[in-house]
Amino acid sequence: MQKSHTQQLSQSPLDVAANIWINANAGSGKTTVLIKRFFSLALNGADPFGILLITYTEVGAKEMKNRLFAKIQKWHKMQSSEIKQEWQE
């Protein structure tokens with residue numbers, strides 16, 4: 001079975017060896033993919049301050065920032081094993 005564009009998009013960002021560009025319609029999951037990409041890079045040793053995530057709207061930028069901080073706050077309260085389990089889902 002051929003993978004959908006969304007399935008391909010959600011798997012490729014975890015390849016930390018490559019830069020990516022996401023161009024997709026509203027509501028397609030771009031922000032979710034970028035958040036996964038950010039944490040994939042950071043958890044593999046990249047300096048979080050050296051990761052560039054760009055969106056073209058102020059609303060999109062706020063949403064991305066809110067999701068990043070929400071995930072960090074959630075993980076701050078969890079055990080390492082819980083974080084690893086959640087990451088693998």
Side-chain angles (χ1 to χ4, degrees):
M1 178 184 350
Q2 187 173 355
K3 292 181 183 178
S4 72
H5 178 66
T6 303
Q7 288 171 324
Q8 292 172 355
L9 188 62
S10 67
Q11 293 172 356
S12 62
L14 302 182
D15 177 7
V16 297
N19 293 323
I20 65 167
W21 174 273
I22 300 172
N23 183 17
N25 295 330
S28 63
K30 294 180 299 295
T31 301
T32 299
V33 170
L34 287 171
I35 299 303
K36 280 186 171 184
R37 172 70 174 181
F38 174 86
F39 284 111
S40 181
L41 289 166
L43 292 171
N44 281 286
D47 177 2
F49 293 103
I51 300 171
L52 178 63
L53 303 174
I54 299 174
T55 185
Y56 292 100
T57 66
E58 200 170 314
V59 172
K62 286 180 184 178
E63 178 65 23
M64 199 173 345
K65 181 181 89 172
N66 289 341
R67 289 190 195 185
L68 281 168
F69 285 126
K71 182 68 78 177
I72 290 168
Q73 288 174 340
K74 180 180 178 183
W75 283 2
H76 177 70
K77 298 173 186 175
M78 296 170 69
Q79 299 293 319
S80 294
S81 60
E82 295 172 311
I83 294 170
K84 287 178 185 175
Q85 182 179 1
E86 181 178 299
W87 180 249
Q88 293 173 350
E89 295 175 352

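- Residue Q79 comes nearest to E82 through the heavy atom pair N-OE1, 2.7 Å, listed as atom of the first residue, atom of the second, then distance.
- Open room surrounds CG on N25; 12 or fewer heavy atoms of other groups in view lie less than 6.0 Å from it.
- Atoms CD and CE, from Q73 and M78 in turn, are 13.5 Å apart once rounded to the nearest 0.5 Å.
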Under 3.5 Å donor-acceptor pairs involving side-chain atoms of residues 50-65, not counting sequence neighbours:
from, atom 1, to, atom 2, distance (Å)
T57, OG1, G60, N, 2.9
E63, OE2, R67, NE, 2.6
E63, OE2, R67, NH2, 3.2

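- Remark: F39 pairs with W75 by the ring-ring contact (aromatic ring centres under 6.0 Å, His included) rule, at least two apart or across chains.
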